[in-house]
Asker: 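Supplied in structure tokens, the structure appears directly below.
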Amino acid sequence: MAKSKKKIQDGPIVIKKYANRRLYNTQTSNYITLDFLAEMTRKDEDFVVVDAKTGDDITHNVLTQIIVDEESNGKHMLPVNFLRQLISMYGNSMQSLMPSYLEASMDNFRKNQKQFQEAVEGALNKNPLGQMAVKNQKQFQEAVENALKASPLAGVFEKALSLGQNGRDETEDELQEKPSAKDVEIMELKKQLADIQSKIDKLDI
């Protein structure tokens, strides 16, 4: 029996949700609140939430509820335009790619979270953020490309990629006359970063 209990503790913490919406932590043998579960998430504590009656994994639903509660309490982190765009992706042909893309984006952001915080807290100019964005752009692009290659749209992606390779045969003079697609993306990214910096400057006033 002791060996079985140790095995459970080595894996994700199992949280049981009952019909009365109460959450039970099977590791500490006590009831917890949704706020406490949110704090466990912030601490990167691994857990799964299961329906106490059916045993179904309802972790996704509970985490979504935490986000809804946080947003409802005035701690807005998801812009309205982002929510509109996210909702529009449901039922879209690209829907299957979004989970992988969003997860890769967040992973890269978390890896550089300390650098972002230092840039904001120190009221630095836009250049450090821009340099970091350009540095991470390739990682984001690779994540999207891998997701695309694994999707039903792989053929379309390969065709677009081959067209991009053919475009590289332009002469150096032609490349100097007009910006490349990557340059346009970087310019757009810098513009977005400038908007973010502008908002930060207004917060500092």
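Note that this is a predicted model, so its numbers are computed, not measured. These numbers come from the heavy atoms of this one structure, side chains and all, not from hydrogens, waters or symmetry mates.
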Asker: Kindly state each residue pair satisfying side-chain hydrogen bond (donor to acceptor under 3.5 Å, both in side chains) with at least one member in residues 76-87, sequence neighbours excluded.
Answerer: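 Qualifying pairs: none.
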Asker: Kindly say whether V14 contributes a backbone atom to a donor-acceptor pair with the side chain of Q27 at under 3.5 angstrom?
Answerer: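 It does not hold such a pair.
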Asker: Suppose we screen for side-chain hydrogen bond (donor to acceptor under 3.5 Å, both in side chains). Which residues come up paired with N61, at least two apart in sequence or across chains?
Answerer: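 Partners of N61 by the side-chain hydrogen bond (donor to acceptor under 3.5 Å, both in side chains) criterion come out as none, since no residue qualifies.
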Asker: Going by the rule side-chain hydrogen bond (donor to acceptor under 3.5 Å, both in side chains), which residues pair with T59 if we only count those two or more places apart in sequence or in a different chain?
Answerer: D57
Asker: Looking at residues at least two apart in the chain, or sitting in another chain, which of them share a side-chain hydrogen bond (donor to acceptor under 3.5 Å, both in side chains) with D35?
Answerer: none
Asker: Between OG of S72 and CD1 of I67, what distance do you get to the nearest 0.5 Å?
Answerer: 11.5 Å
Asker: Listed by chain and number, what are the side chain to side chain contact (heavy atoms under 4.5 Å, CB included) partners of K43, not counting sequence neighbours?
Answerer: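 With sequence neighbours excluded, K43 shows a side chain to side chain contact (heavy atoms under 4.5 Å, CB included) to E39, E45, given in chain and number order.
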Asker: I'd like to know whether E103 forms a side chain to side chain contact (heavy atoms under 4.5 Å, CB included) with D107, so could you lay out the CA-CA distance, the side-chain angles of the two residues, the decisive distance to 0.1 Å, and finally the verdict.
Answerer: CA-CA 6 Å; E103 189 171 13; D107 286 343; 4.0 Å; yes
Asker: Sequence neighbours excluded, which residues qualify as salt bridge (Lys or Arg N to Asp or Glu O under 4.0 Å) partners of D46?
Answerer: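 D46: no salt bridge (Lys or Arg N to Asp or Glu O under 4.0 Å) contacts found.
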Asker: Please name the pair of heavy atoms, one in M89 and one in M94, separated by the smallest distance, quoted to 0.1 Å.
Answerer: CE-CB, 3.4 Å
Asker: Identify, with sequence neighbours excluded, every residue that meets side chain to side chain contact (heavy atoms under 4.5 Å, CB included) alongside L34.
Answerer: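 Counting only residues at least two positions away or on another chain, L34 forms a side chain to side chain contact (heavy atoms under 4.5 Å, CB included) with L23, L37, V62, Q65, I66, D69.
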Asker: Ignoring hydrogens, what is the shortest heavy-atom contact between L78 and E71? Give both atom names and the distance.
Answerer: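 Closest pair (atom of L78, atom of E71, distance): N-OE2, 3.3 Å.
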Asker: Who are the side chain to side chain contact (heavy atoms under 4.5 Å, CB included) partners of T28, not counting sequence neighbours?
Answerer: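 T28 satisfies side chain to side chain contact (heavy atoms under 4.5 Å, CB included) with N25, N30 only.
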Asker: Which residue pairs pass the ring pair (Phe, Tyr, Trp, His ring centres under 6.0 Å) test when at least one of the two sits in residues 35-63, sequence neighbours left out?
Answerer: none
Asker: Of the non-hydrogen atoms in P99 and S96, which two are nearest, and what is the gap between them?
Answerer: CD-O, 3.6 Å
Asker: Mind checking whether F82 and M98 sit in one hydrophobic cluster, side chains of I, L, V, M, F, W, Y counted as touching below 4.5 Å?
Answerer: yes
Asker: Could you work out, with side-chain hydrogen bond (donor to acceptor under 3.5 Å, both in side chains) as the rule, every residue matching D56, not counting sequence neighbours?
Answerer: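 Applying side-chain hydrogen bond (donor to acceptor under 3.5 Å, both in side chains) to D56 gives T54.
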Asker: Quick check on the hydrophobic clustering: are V68 and I58 connected, directly or via other members, by side-chain heavy-atom contacts under 4.5 Å?
Answerer: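 In one cluster: no.
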Asker: Starting from Y31, walk the hydrophobic network (Ile, Leu, Val, Met, Phe, Trp, Tyr; side-chain heavy atoms closer than 4.5 Å) and list everyone else you reach, by chain and number.
Answerer: Y18, Y24
Asker: For atom CZ of R21, is the number of surrounding heavy atoms from other residues, nucleotides or ligands below 6.0 Å larger than 12?
Answerer: no
Asker: D44: what forms a side chain to side chain contact (heavy atoms under 4.5 Å, CB included) with it, not counting sequence neighbours?
Answerer: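 D44 satisfies side chain to side chain contact (heavy atoms under 4.5 Å, CB included) with R110 once adjacent residues are dropped.
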